[in-house]
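Lettering follows sequence order; numbering is per chain, from 1. Values reported hereafter were calculated over all heavy atoms of this structure, with side chains retained and with hydrogens, waters and symmetry mates removed. From a predicted model like this one, the values you see are computed outputs, not experimental measurements.
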Amino acid sequence: MGRLLSWTIHAVTILGTGFIIWAIMGWAPLERHWLPDNVNKYGPIIDHLFNVVLGITAVIFVITGVVLGVSIGKSAANPTKPASYVHGSHVLELVWSIIPAGILLFITFYQMDAWAQHKMRYPTETVDGHQVAKKPHARLVARQFDWDVWYPGPDGELGTHDDLLNTDELYVPVDQEIVVQIESQDVLHSFFVPHMRLKQDVVPGMRQFVWFHPIKQGKYEIACTELCGWGHYKMRAHLHVVTPEKYAEFIDNLAAQKLTVPESE
Amino acid sequence: MKDLLTNSELEKVSKVIRAVHHIFFGLGIAACAISCGCTPPPEFKPNLVEIKKAEMLKLEAGKQIPAAQLQDLQQFLADGFGTPDAAKFPKLTPDEKEEDGLVRQVNLQASAGAVLSNQEGKAQGLYREHCVHCHGISGDGAGPTAMFLNPYPRDFRLGKFKFKSTPLFTPPTHEDLYKVLYNGIPGTAMPAFKRLPKEELDSLVDYVKYLTVRGKSERDLLAILMEEYDEKLDLIATADEKKAAEAAAEKAEADGAEAPLAPIFTQEEAVAEVVGATVEKWLGAVDSVTVVPASPEWVANPSHPEHVAKVERGRELFRTVGSCAQCHGNTGLGDGQLNDFDDWTKDWMKDAGILPNESEKIRQMVALGALPPRNISPRNLRQGVFRGGNEVRDIYLRIKNGIEGTPMPAAAVTLSPDDIWCLVEFVRQMPYEQINRPTRLGNKNEKATQ
Amino acid sequence: MRFGNAILAGLLLSTFSASALFAEGWGDFKGKIVVKGTVPAPSPIDPDKDKQFCGKHKLVEESLVVGKDGGLQNCVVLLFRSRTVKQEPKVHPSYAEAAKKNPVLDNKGCRFEPHVMTMTTAQKLKVTNSDAVGHNANVQSLGNPNNPQIPPGGAVELDMKKSDNLPAAVVCGAHPWMKAVVLVRDEPYTAVTNANGEFEIKNLPDGEWIFAFWHERGGKTKQGGYLTALKAGDKDYLDKAGQVKITVKDGQVVDAGVLSIESKDLIP
């Protein structure tokens, strides 16, 4: 029994590590199972932190797995050997408290800048020589089960009566700092853009801001990543990163559709 | 140390524990195996509320419509419209072509039935995947989650829809229903289904029409049955049975005896007359679409020189000729006056002679499937939430045509298109105007919005 | 399919339709309906909308209006019509003039005037608003539904092209106590009893006609329905379904006399 357990643990260690390596390398059938393309200027730091933590935990995973497997295997090999009764080891206690604490402390300080960049340093822009907070590009209202996007209308201001409502399509111009205001209409949702390495819980009653700086055009997925009801699985939207000209064209078309009725044929 | 168990006692105990574990494990497996594939297929529910209402209106107290007549009705519906798993739409005439009909069979098939595959291009069971938990298997707006929603999901069976481009008492067009699915209804629990491919949305629209025609035909047939009611009356019979009954009636007439009752319809007659009446209206809806005139330049254009004056005219119309303030309140908060109900509630309350304070009768109806009644209030226009869509054309249509199923009437015919655009613009900017500092009428020097 | 029904109707109803085709003369139908027994006074309405304006007029519930000698007002006398019974009499030329005028339903003093009316499909219903507040006329006719807003001092003309089997309610959405009853028919052979309970229908074609009597307190619920318990003297005037078959002969008047109904047979 013990031998079987020992081999099982070894198998878990080997297979688990192998599986992760397989996914990282993108070999079939695990293509696209690792991190998606990063298109956010501030994304690489997130990936870097991810890899650092993964590396640390991988090392610990292998060490603990091997130690566990070997010790169980050894005791299984000597079934009649009497068990040793350990009265505690002060040294061991110190070692396995200080080393993990040190690692965690290291991670804490190592990621502070990334956290500040993503959650605290609200983007600013220079207006008339002053640094002012950048106005939101759009207002995203999460509701069961779609994302309502409000764009500023022809007057360029969000929160006026010519705002344009679109559903599930967030258009942003490329190579610009984009701030998005997110709110929830009903329950908890979470705004998740994997390609931007961006995730923010949308809390009812709170108005929050997220920011990113897209560097590559394309159509990326926005998913809801906080269980919000029966339709949570399909609460998706698209983030379209386009050239400023295409963005202006999109807004013009939306304004024409929402704010005017053309002469009928 | 007499408390410790001996070895043999230990063995016995552990054997018992293991045995108990094995029994429960086995039972669990068996239960799973048995329940898999043993749920019966869903069935359309008969419109129990409507039946009870008919009994209350036409029969002596305590009497009920005989089961045979109700069974007749359900059988007709099953023969004509199929089941939730196998939907079909009856042909009005034997040589009717599908392109001229109201729905496409391929669309019904994709929406009906159990959810089989969500791979694109292989949709099946769309209605049950997306709609049934709110709108119910029969489209009665009383699915499992309906009770917790405000407003309630739509009951398709009355054939009334709120947000459409056709006037009151005319059915919506295919595009109207498509638009509701595509955009959702902001401010309610109806989400936007924009993510679904066009074929799936078309399929769902056809299934909604199917449920509507089916539900409405059920109601209409029940009304016809109750019109000259006799408990021995046959609602629907085969052509032979009807001919035989007519012959017997003729003979009885000749003999001077009382003529036995003949069936009201044959299957084909019921389809042609009752189902046909509804289908004709729906097919004709596209010819009754209200054309929204081109929007003037000052609409949604605050920098236009006429904008302020037009908004002020809108404000004046809101309070006087348009009579909007009467219900929506002077400040548009919806605090005008109304303790009315929407048509879907009045259908089984007021039309059945049940007053709002007769809680016992209401309880009976709720037990049969009606949803607990809620008053309908005029919209709070200051929230800027427009359920029918916030495009300027949508707001124009709501004002011009009214909203079917609610107390909102069609705008006075004395309002010109320009007047209605003034109202549209006033309503659009109302949420952004400070409630305690609206411009006073007559003071032209003050800016309309700060 | 419909032809089959028509034939069946003709067979079951023997010679009614047949006789109508051969009408050559015209006769009248008249009578008087009274209520026997104690009739409660109309209960007052407390308007909870537009109190400032509507509260000025003493409004009462008008579904049961009975005159001094018991005359039942606002009872609609009409030809019975259903899916299977379709009576289509020829119209006497004297009605041609009236057909050109449009009847008026006025919103006045937060009530509809008249409370009960009939009209033909050749006419348009003119709904006017003589009040300083807005009203809307939610016409709940099965064949001619409508719900227009009428501004203060304004008027709308509604097409009423389809014949209804039964009278329909007209209610105001903003002032829910306001109710009127309108019957739209192809034929002008309808009447509403006056303050004394009297009705007269002139120039019916020769032949047999089935009439019924509709009242807001008839039927089984507050939606109104046919009166079934009318008596001429001691005998029942109507059959079980609330209908009476009269025979009209040229130049003669069918006088139903005084028809009475117990107040207990009118729903409370």
Side-chain angles (χ1 to χ4, degrees), chain A residues 139-170 183-187 189 219 221-224 228-238 240 251-265, chain B residues 118 129-134 143-145 148-149 182-196 289 291-304 307 311 383-386 389-397 417 421 424-433 449:
Chain A
R139 180 176 148 234
L140 199 62
V141 179
R143 72 179 194 113
Q144 290 172 321
F145 298 100
D146 58 65
W147 299 91
D148 290 345
V149 190
W150 289 89
Y151 296 95
D155 67 353
E157 295 252 342
L158 257 186
T160 56
H161 66 89
D162 63 353
D163 284 359
L164 306 164
L165 170 63
N166 200 350
T167 325
D168 287 349
E169 309 286 331
L170 177 59
E183 301 165 8
S184 166
Q185 194 178 297
D186 36 35
V187 298
H189 300 275
K219 180 167 143 181
E221 180 177 338
I222 299 172
C224 177
C228 50
W230 68 266
H232 165 71
Y233 75 96
K234 55 179 177 177
M235 185 169 162
R236 284 188 289 164
H238 284 134
H240 299 261
I251 290 290
D252 283 341
N253 288 341
L254 193 60
Q257 183 200 341
K258 297 276 178 186
L259 301 178
T260 65
V261 176
E263 297 280 350
S264 32
E265 305 79 39
Chain B
N118 63 358
E129 186 180 347
H130 297 294
C131 322
V132 78
H133 42 271
C134 290
T145 63
F148 309 105
L149 302 175
Y182 189 80
N183 290 326
I185 302 181
T188 72
M190 174 76 181
F193 289 93
K194 202 175 188 182
R195 295 265 66 80
L196 297 181
V289 169
V291 176
V292 180
S295 56
E297 281 181 356
W298 45 263
V299 168
N301 192 356
S303 52
H304 193 278
H307 188 257
V311 168
Q383 285 184 323
V385 176
F386 298 104
N390 73 340
E391 295 180 23
V392 293
R393 82 171 60 232
D394 294 321
I395 305 172
Y396 187 98
L397 282 170
W421 281 119
V424 168
E425 192 59 15
F426 171 64
V427 157
R428 274 171 34 81
Q429 64 85 45
M430 213 197 299
Y432 301 93
E433 179 190 74
T449 54

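- To the nearest 0.5 Å, the span separating CH2 on A/Trp230 from CD on B/Glu129 amounts to 8.0 Å.
- When side chains are defined from C-beta on, B/Val385 does not count as touching A/Gln185, because their heavy atoms never get closer than 4.5 Å.
- Distance CD/B/Gln429 to CG/A/Asp162: 12.0 Å, rounded to 0.5 Å.
- When each of A/Gln257, A/Gln144, A/Glu169 is checked for heavy-atom pairs under 4.5 Å with chain B, A/Gln257 comes out on top.
- Remark: side-chain polar atoms of B/Arg393 are not paired, donor with acceptor, to backbone N or O of A/Lys258 under 3.5 angstrom.
- Using a 30° and 60° split on the angle between ring planes, B/His307 and A/His161 fall in the parallel class, below 30°.
- Across every non-hydrogen atom of A/Trp150 and B/Asn390, the tightest pair is CH2-ND2, 3.5 Å.
- Of the listed residues (A/Lys234, A/Met235, A/Arg236), the greatest number of heavy-atom pairs within a distance under 4.5 Å of chain B belongs to A/Lys234.
- If you measure heavy-atom distances from B/Phe193 to chain A, the contacts under 4.5 Å come from the side chain alone.
- Side-chain N or O atoms of B/Ser295 include one that pairs as donor or acceptor with a backbone N or O of A/Val261 at under 3.5 Å.
- Proximity to chain B is absent for every atom of A/Pro154, based on heavy atoms less than 4.5 angstrom apart.
- Most heavy-atom pairs under 4.5 Å with chain A: of the set B/Gly389, B/Ala192, B/Pro296, B/Pro431, this distinction falls to B/Ala192.
- Put simply, the residue from A/Asp146, A/Asp168, A/Asn166 that forms a side-chain hydrogen bond (donor to acceptor under 3.5 Å, both in side chains) with B/Lys194 is A/Asn166.
- For B/Met190, the part lying under 4.5 angstrom from a heavy atom of chain A is the backbone only.
- The part of B/Pro302 that comes within reach of chain A is its side chain, from C-beta onward, which places non-hydrogen atoms under 4.5 angstrom from that chain.
- Contacts between B/His133 and chain A at a heavy-atom distance below 4.5 Å involve the side chain alone, from C-beta outward.
- Considering every non-hydrogen atom in both B/Pro191 and A/Phe145, the closest pair reads CB-N, 3.4 Å.
- For A/Thr260, the parts sitting under 4.5 Å from any heavy atom of chain B are the backbone and the side chain alike.
- At a 4.5 Å heavy-atom cutoff, B/Glu297 makes no contact with chain A through either its backbone or its side chain.
- Within the 4.5 angstrom heavy-atom criterion, no atom of B/Val424 approaches chain A.
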